[in-house]
Protein chains: 2
Amino acid sequence: MKASIKIIAEQSGVSKTTVSFVLNGRGDEKNISADTQKRVLDTALRLNYQPNHLARSLSTGRSYTIGFVVPDISNPFFSRIARLVEHYAEEKGYSVMMASTDEKPEKEQKIINSFHNRQIDGVIIAPSSVDMIKNTPNFPFVTFDRQMPNFRTANITINNEESAYQLTQKLFERGCNRVGVVTLKAFLPNIKQRIDGYKKALQDNKLITDMELIVEANINDIRATIKSGIDTLMNLSRPVNGIFFLNNVLATEGIWVFNRYYPQLLDKVLFASFDNIDVFDYVQPKVISALQPGEEIARNCVNMLIAQIEGKNLQEAICLSTTIIER
Amino acid sequence: MKASIKIIAEQSGVSKTTVSFVLNGRGDEKNISADTQKRVLDTALRLNYQPNHLARSLSTGRSYTIGFVVPDISNPFFSRIARLVEHYAEEKGYSVMMASTDEKPEKEQKIINSFHNRQIDGVIIAPSSVDMIKNTPNFPFVTFDRQMPNFRTANITINNEESAYQLTQKLFERGCNRVGVVTLKAFLPNIKQRIDGYKKALQDNKLITDMELIVEANINDIRATIKSGIDTLMNLSRPVNGIFFLNNVLATEGIWVFNRYYPQLLDKVLFASFDNIDVFDYVQPKVISALQPGEEIARNCVNMLIAQIEGKNLQEAICLSTTIIER
DNA sequence: AAAAATTACTAAACCGGTTTAGGTGCAAAT
DNA sequence: ATTTGCACCTAAACCGGTTTAGTAATTTTT
């Protein structure tokens with residue numbers, strides 16, 4: 001017989017109410033005698049009572065589950081954050097449901113709907129759009145990695161422009177005199193900010209921004225588009241000797257392309273990339289990277305989300321700094 | 001006013017029962033007139049009705065949520081499977097809760113308890129122990145990546161021994177004459193199988209298994225233990241010129257150690273490793289890897305778990321093959 | 001001694017669905 | 001003129017908890 005509060009009540013000769021109070025540790029507060037409390041607890045133990053979380057959630061309106069939604073959970077940057085979010089959430093008694101959007105707003109919307117219907121308490125998301133937030137009012141959201149323009153949510157980001165500036169600047173300091181950038185064909189504000197930082201670094205080095213130095217990759221056909229982008233950069237009348245990649249996926253593919261198609265130039269160019277990942281430690285070309293503070297990002301996401309869930313005053317936006325790692 | 005079945009019933013002048021039938025598409029089957037059905041559906045649409053998944057789950061006993069539990073979701077092998085599991089689960093209408101065990105049985109048990117209490121329908125797990133399975137009878141489990149000895153569950157594994165044999169064999173074919181192995185200090189059957197495959201390859205090359213060729217790393221202090229393991233292998237009276245790593249984490253750390261401490265030997269040794277990951281494409285030393293069939297693993301895990309959940313006859317165990325990738 | 005407060009406990013409503021076991025009324029069959 | 005069958009619909013129990021608004025008995029206060 002699967003133990004329920006009702007069964008425990010019957011077996012210890014008290015009401016469901018009493019059992020509920022006792023099992024929730026509110027026995028003293030509710031003036032349940034020590035005797036009765038012991039009896040109830042013993043029965044619960046004896047029957048190996050396991051509370052039904054669903055039933056509790058239904059009646060309290062809180063599921064103690066949060067969503068973690070990113071473009072791709074297998075992207076090392078996101079899976080690292082996922083792990084940390086899981087950790088901080090667990091500390092606060094929350095479980096985590098995860099899903100990948102593939103950077104597709106429709107899929108994102110479906111996921112949010114599904115999570116919302118499942119009565120999840122709130123969502124941490126690296127958003128591809130803001131539609132699902134608009135379509136789901138009164139639902140706690142914390143966005144991270146991207147900040148949507150013209151739309152305010154609780155948000156954790158990094159100083160994209162400044163970090164991009166520093167990364168580009170480092171390339172120049174390390175001897176590059178012509179620096180290209182590989183960006184993504186996508187309308188995301190952090191991309192624009194990173195490009196702005198790049199441009200600013202060029203300016204400060206008395207270089208005009210040359211549009212042929214900016215090449216776009218397409219997320220849906222990444223290997224081929226990066227190959228052709230890099231070919232473009234290397235076949236300029238004055239080829240680049242430094243390349244700035246807007247994120248780890250682009251950089252990883254860039255490394256692949258260079259090892260395969262430009263092996264003779266591996267030590268002639270320098271890379272810079274957002275997101276520090278382990279492999280940058282031992283690949284060629286050398287990569288200067290901007291390490292995002294994963295722990296802080298995850299911790300803040302979880303804290304801000306739970307604050308929102310609990311209706312506390314919420315901090316609107318936090319901007320964190322990266323650490324530039326040279327190699 | 002948040003729409004519920006009750007509200008819809010009132011507003012369209014029928015009973016909750018009727019609404020429930022209609023919204024579940026069982027209107028015809030239950031002989032609800034076309035007229036009434038339309039009225040109910042219109043009301044639901046007008047009120048933007050969103051079903052409460054919790055309530056449904058509570059009454060049906062099915063949450064349409066599955067758990068995905070691995071040692072570390074940020075390990076690229078597991079995050080790749082996670083992504084695929086999510087995909088196949090979604091196809092079948094299931095959401096996925098994820099958690100990392102850190103290879104700790106107590107944590108594993110806590111996670112399983114939490115998932116079980118949350119009325120999750122079943123769990124896909126790369127187990128660190130079998131205790132939580134024994135402690136949670138009548139709960140659908142599918143294990144993958146590891147097969148626990150003396151304990152039968154629905155299970156997906158790969159041909160560990162054969163793959164390890166092939167990897168080691170390749171090292172010999174590619175010119176290595178002394179091959180060491182880096183293993184993990186952990187009691188997991190797949191580790192033993194992989195070591196067995198390695199030993200078998202040595203035998204077939206008329207070599208006796210030399211215990212000094214087998215070094216152990218400790219998962220909790222991986223960088224230091226791998227360093228000292230590799231030092232051991234390189235300082236033997238006859239140092240190795242091939243190293244077989246039991247998984248991608250070990251190999252990745254091994255690559256790091258070599259780039260840092262043995263840069264002069266990068267092209268003098270050859271690596272072999274389980275789990276093909278992208279970086280193996282462009283690092284030194286060269287890595288021969290065993291690519292696990294992620295799609296098949298994930299698809300089978302999901303299918304077998306759902307079959308179990310639905311009480312269908314379940315296939316007990318599936319063993320898949322890896323693909324050896326040379327570089 | 002009556003009123004007020006405290007202790008110890010509970011009935012019943014509620015959360016939002018599903019499902020069982022019927023109940024009408026009307027047409028067809030006996 | 002009953003009985004049977006069917007089309008159409010619903011009351012009420014149920015899932016397993018939480019919570020409000022109480023009650024009865026005892027103790028304290030006035």
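The chains referred to below are lettered A, B, ... by the order of the sequence lines, with proteins before strands, and numbering in each begins at 1. Everything quoted here is computed from the prediction, not taken from an experiment.
Proximity of B:Lys6 to the phosphate of C:dC14: no side-chain N or O atom is located under 4.0 Å from OP1 or OP2.
Here the P atom of nucleotide D:dT18 and the CG atom of A:Leu58 are 11 Å apart, to the nearest Å. One atom, OH of B:Tyr49, and another, C1' of C:dG16, lie 7 Å apart when rounded to the nearest Å. A:Glu29 has its CD atom 15 Å from the C1' atom of C:dC9, to the nearest Å. Going from atom CG of A:Asp28 over to atom P of C:dC9 covers 12 Å, rounded to whole Å. One can place CG of B:Asp35 at 14 Å from C1' of D:dA7, the figure rounded to the nearest angstrom. Regarding A:Ile5, its CD1 atom lies at a distance of 16 Å from the P atom of C:dC9, rounded to whole Å. Atom C1' of nucleotide C:dA8 and atom CG of A:Asn31 are separated by 7 Å, given to the nearest angstrom. Rounded to an integer number of Å, the gap from CD of B:Glu10 to P of C:dG16 is 12 Å.
Checked against D:dG16, D:dT10, D:dG17, the side chain of A:Lys2 finds its nearest nucleotide in D:dG16.
Rounding to the nearest 0.5 angstrom, the gap separating the CD atom in A:Glu86 from the CD1 atom in B:Ile73 is 7.5 Å. Note that OG1 of B:Thr153 and NZ of B:Lys134 are 11.0 Å apart. Values are rounded to the nearest 0.5 Å.
DNA chain D lies under 4.0 Å from no heavy atom of any residue of residues 111-123 of chain B.
No side-chain donor from either of B:Glu103 and B:Asn220 sits under 3.5 Å from a side-chain acceptor of the other. A:Gln119 and A:Ser57 share no donor-acceptor pair across their side chains, judged by distance under 3.5 Å alone. Side-chain contact of B:Asn190 with B:Gln147: a donor-acceptor pair under 3.5 Å is absent, judged by distance alone. Inspection of the A:Thr18 and A:Ser15 side chains reveals an N or O donor paired with an N or O acceptor under 3.5 Å. No hydrogens or angles considered: nothing links the side chains of A:Ser79 and A:Arg83 as a donor-acceptor pair under 3.5 Å.
Using a 4.0 Å heavy-atom distance criterion, A:Thr18 is classed as a base contact. A:Ser33 comes within 4.0 angstrom of sugar-phosphate atoms only, judged by non-hydrogen atoms across all strands, and of no base. Nucleic acid contact for B:Asn52: sugar-phosphate only, since backbone atoms but no base atoms lie under 4.0 Å from a heavy atom of the residue. Residue A:Ser57 is out of contact with every strand shown, counting any heavy-atom pair closer than 4.0 Å.
Residue B:Arg62 places its CZ atom among more than 12 non-hydrogen atoms of other residues, nucleotides or ligands, all under 6.0 Å distant.
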Go through A:Asp35 and A:Arg39 one step at a time and tell me if the salt bridge (Lys or Arg N to Asp or Glu O under 4.0 Å) criterion holds. CA-CA 6 Å; A:Asp35 233 46; A:Arg39 204 147 26 92; 5.3 Å; no
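A search for side-chain hydrogen bond (donor to acceptor under 3.5 Å, both in side chains) contacts involving A:Arg56 returns nothing, not counting sequence neighbours. A search for side-chain hydrogen bond (donor to acceptor under 3.5 Å, both in side chains) contacts involving A:Gln50 returns B:Asn117, not counting sequence neighbours.
Sequence neighbours left out, the pairs with a member in residues 296-306 of chain B that pass side chain to side chain donor-acceptor pair (under 3.5 Å) are B:Lys92-B:Asn303.
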Expected output check: what is the dot-bracket annotation of DNA chain D, where ( ) and [ ] are pairs inside the strand (brackets for crossing ones), | is paired with another strand, and pairs are Watson-Crick or G-U under 3.5 Å? ||||||||||||||||||||||||||||||
Report, one pair per line, the protein and nucleotides 19-25 of chain D atoms (nitrogen or oxygen only) whose separation is under 3.5 Å.
unit_1, atom_1, unit_2, atom_2, d
D:dT19, O4, A:Thr17, OG1, 3.2

